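Residues: numbered from 1 along the sequence shown. Source: prediction; values computed, not measured.
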Amino acid sequence: MKIKFCGASTGVTGSCHLITTEKHKLLLDCGQFQGGKAMDKMNSEPFPFDPAEIECVVLSHAHIDHCGRLPLLVKRGFKGNIYCTDATADLLDVMLKDSAYIHEKDAEWQSKKNARTGKPPVEPLYDIGDAEDALKLVKPVLYDQLIELNPEISIVFNDAGHILGSAITELWVTEGENTSKIVFSGDLGVINRPILRDPVKIKKADYVIMESTYGNRLHPANSTSIDELINITLATVKRGGSVIIPSFAVGRTQELIYQFNMFYEQHPEYRKQLENVNVYIDSPMATTATEVFKRNAQVFDEETKNYILSGDNPLDFKNLKFTRNTADSQMLNNDKTPKIIISASGMCEAGRIRHHLKHNLWDSRNSIVFVGYQAEGTLGRMLVEGAKEIKLFGETIVVKAEIHNLEGFSGHADQAGLLDWVSGFRTEPKQIFLVHGETDSKKDFAAIIGEKFGFHPVVVMENSEFELETGKLLSKEDVIMDAMDEEGVEELKDKITDVRIELDSVLSTAKGVVEGKISPDKLRQINNIILELEKASANLGSSITAEDRSSLPLSQQNKQEDQI
C-alpha cells in the first residue's frame, strides 16, 4: 500500500492525498491551492495521477482548500463517489457553486484584459456546470456510520470540531491477509469552543496523516480574544469608526455571530453605546452557510443545543443584518456611521472584503480585525505583518486603520490541542505523516512529538510518495510555484547572462581571482550554478515576499473589481 501527498505538502492549502493498494485508488480531499498568483497557477497543473483511475474521494470538510478542486477532478475524468458527512454535503452545495462563480468571473475579467492586448481569452479553472456535476457524485453519510467503499476498504467519520460537518476519518484497508488502519485528521478544531463539539480522539492507528497548521504556536485563550474584540469594537465606535472583519464564510462567521449575540444580549451596560451599531454579514455565501448551520443543529454541542431549546437562536439577534446583493454591499461603504462588517474571504484574496478594505483601510478611525489563519502570500498575511500600503483594484491604498490579529478565534487546534489529540493513541502508530503546515511548523511539531511521546513523525515535504509497510520514500517531486510571467522570466535570463559574462571575465584573469579573494575552483562552482539556473529559468519559481506582492500589477494579484 502506498500514499502519495499531492497537496498541503509544502503549506496549508491544496489538501490532497492518494492512497493506492493492489486493487484500488482513492483520494483523501481534493482541495484548492490558495495564496496569490503562484498558488493559483498550481491549481491548473495536471494532477499527479489520472483522475479517471480514482475510485472515490473521502472528503474531510467543506473548506475550499480541502474541496475546491473537486469540480476540476470531475472535469478531467473522475466519475466515482464523493463521501462526506451530511452537514458537509449541505455546505458543499454552497461552497463549490460560489467557487465556480469566482473562477468564471476571474476568467471573464482576464479575457477582457487579454482582448485589449491581442491575447487569446482564458478558460475558467471550472464553471458552474462542473460544480453541479461534482455535486451529483456526493454521497452524504452520518458520523459513526461504517461505510464499505469496496470489499477491501471501509471508513468511519468522527467529529473533528473544526467546522460544521468536519471529520476525522478512520480507514480500514485490507490487502491479502493484512488489514491496516489509516487515520486522517483533516483539520482539527479547538476544544471547549461554542457551537461545535470537541474533536474525537482516536485510540488506535497503524498510520496517521495529521495536520500541523499551528504545530509551533499556542493560541491566546478564546475568552481573551473575545474580550479584545469587544474592547476593539467599543474603542472604534467611540472614535466614529467601523470594525471590518475578514472572515471565512463557514465556521468563523457563525462563531462571530454567536459571540456578538452573547455580547449584545448579556451586557446591558454597553447597550446604549451599541444600540445603533449593526453587525452586517456581507457575504452571500456566509449568509447561506449560516442557514445551513441552523438546519444542522443535531451536530451542535450541548451548550448551543440548550440555548436553542430555551427558545433563543444563538445565530440571530436584533442588530444582526444580512446583505445579499451588490447594491446593499456598496451602501455599507457609502454609510459612514459606525458599524461592524463581517465579510469573506478570510484571507482577503477574493470577494467583497477587498472592496471594504479599499474603502476603510486608509481611515485611522477604523479597525481591521483578523480572526483566522493567514497563509503566506495572501493579502491578509501582508496586513498582519505590517504592510504600510497595498494595491487593490489598481489603486495604492495607504494602511492607516488599526490592524488586529486575534488568533484565539482560530478554528484550528494550536500546538497544545494537536498534542492532546496525539495523546489519544494508546500505542505508537507505525508512522505519523505531518502535512498541512508551513515548514517550520511541521518540523517544530515533529520535534515536540518526539520529546513528549517518543514518536518519530515524517515531516512531509514536496509531493512525496511512501510505501506504508516499509516506510520507504518512493519518490519526491519538487513543487515549483511559478509566479513569474513571461516578461519576468526573460528579465531573469538577461540578468543571469550578465552575471555569467562578468564571472567569465573574472575567471579569465589570475589578477581578478586574487583581487576578488576567491579561489578559481569556487568561482567555477558559482559559474556552473548560474549556468544551471539559466537552463532552468523558463520554469524557475519566484519567491515573492509579502511586501513585493503588494506592488504587483492588479492582473498579477489575480482578482477582479467586478467580483462584488
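- Defined by atom type and a distance below 3.5 Å, a donor-acceptor pair is present between the side-chain atoms of Thr174 and Thr179.
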Met461 vs Lys442, test: side chain to side chain contact (heavy atoms under 4.5 Å, CB included). Steps then yes/no. CA-CA 9 Å; Met461 302 296 290; Lys442 287 187 289 192; 4.0 Å; yes
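- Between His103 and Gln32, the side chains place a donor N or O and an acceptor N or O closer than 3.5 Å (distance only, hydrogens not considered).
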Might you work through the side chain to side chain contact (heavy atoms under 4.5 Å, CB included) test for Asp144 and Asn158, ending with a clear yes or no? CA-CA 6 Å; Asp144 304 317; Asn158 304 271; 3.9 Å; yes
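- With hydrogens and angles left out, the side-chain atoms of Ser464 and Glu462 include no donor and acceptor closer than 3.5 Å.
- For His404 and Phe370, the distance between ring centers is not under 6.0 angstrom.
- With hydrogens and angles disregarded, no donor-acceptor distance shorter than 3.5 Å links the side chain of Trp421 to the backbone of Ser185.
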Tell me, with the steps shown, if Val299 and Arg197 meet side chain to side chain contact (heavy atoms under 4.5 Å, CB included). CA-CA 7 Å; Val299 300; Arg197 296 178 296 208; 4.0 Å; yes
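- Of the possible donor and acceptor atoms, none in the side chain of Thr13 sits under 3.5 Å from a partner among the backbone N and O of Phe33.
- Here the side chain of Asp130 pairs no donor or acceptor atom with the backbone of Pro71 at under 3.5 angstrom.
- Distance alone, capped at 3.5 Å, places no donor-acceptor pair between the Asp29 side chain and the Gly31 backbone.
- Taking both residues in full, the closest heavy atoms of Gln145 and Leu142 are given as OE1-N, 2.9 Å, listed atom of the first, atom of the second, then distance.
- Inter-residue side-chain proximity for His356 and Ser329 is flagged as met; some heavy-atom pair is nearer than 4.5 Å.
- With salt bridges taken as basic N to acidic carboxylate O contacts below 4.0 Å, one links Lys201 and Asp420.
- For Asn296 (side chain) and Val292 (main-chain N/O), a donor-acceptor pair under 3.5 Å exists by modelled atom type.
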Evaluate Thr470 against Glu467 for side chain to side chain donor-acceptor pair (under 3.5 Å), listing each step before the verdict. CA-CA 6 Å; Thr470 64; Glu467 185 177 71; 2.6 Å; yes
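- Residue Ala87 comes nearest to Gly165 through the heavy atom pair CB-CA, 3.7 Å, listed as atom of the first residue, atom of the second, then distance.
- For the atom pair CE of Met347 and CD of Gln34, the computed distance is 5.5 Å after rounding to the nearest 0.5 Å.
- Taking the charged nitrogens against the carboxylate oxygens, Lys25 and Glu55 have no contact shorter than 4.0 Å, which rules out a salt bridge.
- Between Val183 and Ile168 the shortest side-chain heavy-atom distance falls below 4.5 Å.
- When side chains are defined from C-beta on, Glu104 counts as touching Ile128, because their heavy atoms get closer than 4.5 Å.
- Residues Lys204 and Arg426 form no side-chain contact, since every pair of their non-hydrogen atoms from C-beta on lies 4.5 Å or further apart.
- Side chains of Ser247 and Thr253: a donor on one and an acceptor on the other come within 3.5 Å.
- In this structure a side-chain-to-backbone donor-acceptor pair under 3.5 Å is present from Glu349 to Leu379.
- A 4.5 Å side-chain heavy-atom check between Val58 and Phe184 finds every atom pair outside the cut-off.
- The number of heavy-atom neighbours closer than 6.0 Å to NZ of Lys2, taken from other residues, nucleotides and ligands shown, is 12 or below.
- Between His412 and Tyr214, the ring-plane angle classifies as tilted under the 30° and 60° cut-offs.
- The two residues Ser343 and Ile353 make their nearest non-hydrogen contact at OG-N, 3.4 Å.
- Rounding to the nearest 0.5 angstrom, the gap separating the CG atom in Leu92 from the CG atom in Leu137 is 11.5 Å.
- Nearest heavy-atom pair, Gly186 versus Ser60, reported as atom, atom and distance to 0.1 Å: CA-CB, 3.9 Å.
- Of the possible polar contacts, none joining the Ser212 side chain to the Gly215 backbone as a donor-acceptor pair under 3.5 Å is found.
- With contacts defined as side-chain heavy-atom distances shorter than 4.5 Å, the pair Val371/Asn405 does not qualify.
- When all heavy atoms of Leu72 and Asn43 are compared, the pair lying nearest together is CD2-O, 3.3 Å.
- Between the Asn278 side chain and the Leu320 main chain, no donor and acceptor come within less than 3.5 Å of each other.
- Across all their heavy atoms, Ser15 and Ala8 have their closest contact at CA-CB, 3.6 Å.
- If you take CD1 on Ile209 and CG on Leu434, they are separated by 11.0 Å, rounding to the nearest 0.5 Å.
- Between the CD1 atom in Ile64 and the CG atom in Leu96 there is a gap of 5.5 Å [rounded to 0.5 Å].
- Here the straight-line distance linking atom CD1 of Ile163 with atom CD of Gln254 works out to 9.0 Å at 0.5 Å rounding.
- The side-chain contact (heavy atoms from CB on, under 4.5 Å) with Phe445 is formed by just one residue from the set Ile432, Val459, Leu419; it is Leu419.
- Taking a cutoff of 4.0 Å between a charged side-chain nitrogen and a carboxylate oxygen, Asp440 and Lys443 do not qualify as a salt bridge.
- The number of heavy atoms from other shown groups lying within 6.0 Å of CD (Glu123) does not exceed 12.
- When atom types are taken as modelled, the side chain of His17 and the backbone of Leu28 share no donor-acceptor pair closer than 3.5 angstrom.
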Candidate pair Phe260 and Ile226, rule side chain to side chain contact (heavy atoms under 4.5 Å, CB included), full reasoning: CA-CA 9 Å; Phe260 276 117; Ile226 293 168; over 6 Å; no
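- Of the possible polar contacts, one joining the Glu469 side chain to the Met1 backbone as a donor-acceptor pair under 3.5 Å is found.
- With no hydrogens or angles considered, a side-chain donor-acceptor pair links Thr85 and Thr88 at under 3.5 Å.
- Under 3.5 Å, the side chains of Tyr83 and Thr169 contain no donor-acceptor pair of N or O atoms.
- Looking at heavy atoms from C-beta onward, Ile182 lies out of side-chain contact with Asp206 at the 4.5 angstrom threshold.
- Side-chain contact between Asp127 and Tyr101: absent, with no pair of heavy atoms (C-beta onward) separated by less than 4.5 Å.
- Between Lys181 atom NZ and Lys430 atom NZ the span is 13.0 Å, to the nearest 0.5 Å.
- Salt bridge annotation for Glu438-Arg381: present, with a cationic side-chain nitrogen under 4.0 angstrom from a carboxylate oxygen.
- The aromatic rings of Phe49 and Phe47 sit parallel, their planes meeting at an angle under 30°, below the 60° perpendicular limit.
- Salt bridge status for Arg352 with Asp282: present, with a side-chain N to carboxylate O gap under 4.0 Å.
- His436 and His66 are linked by a side-chain donor-acceptor pair at a separation below 3.5 angstrom, with hydrogens and angles left out of the test.
- Ring orientation note: the planes of Phe433 and Phe466 are tilted relative to one another, at an angle of 30° to 60°.
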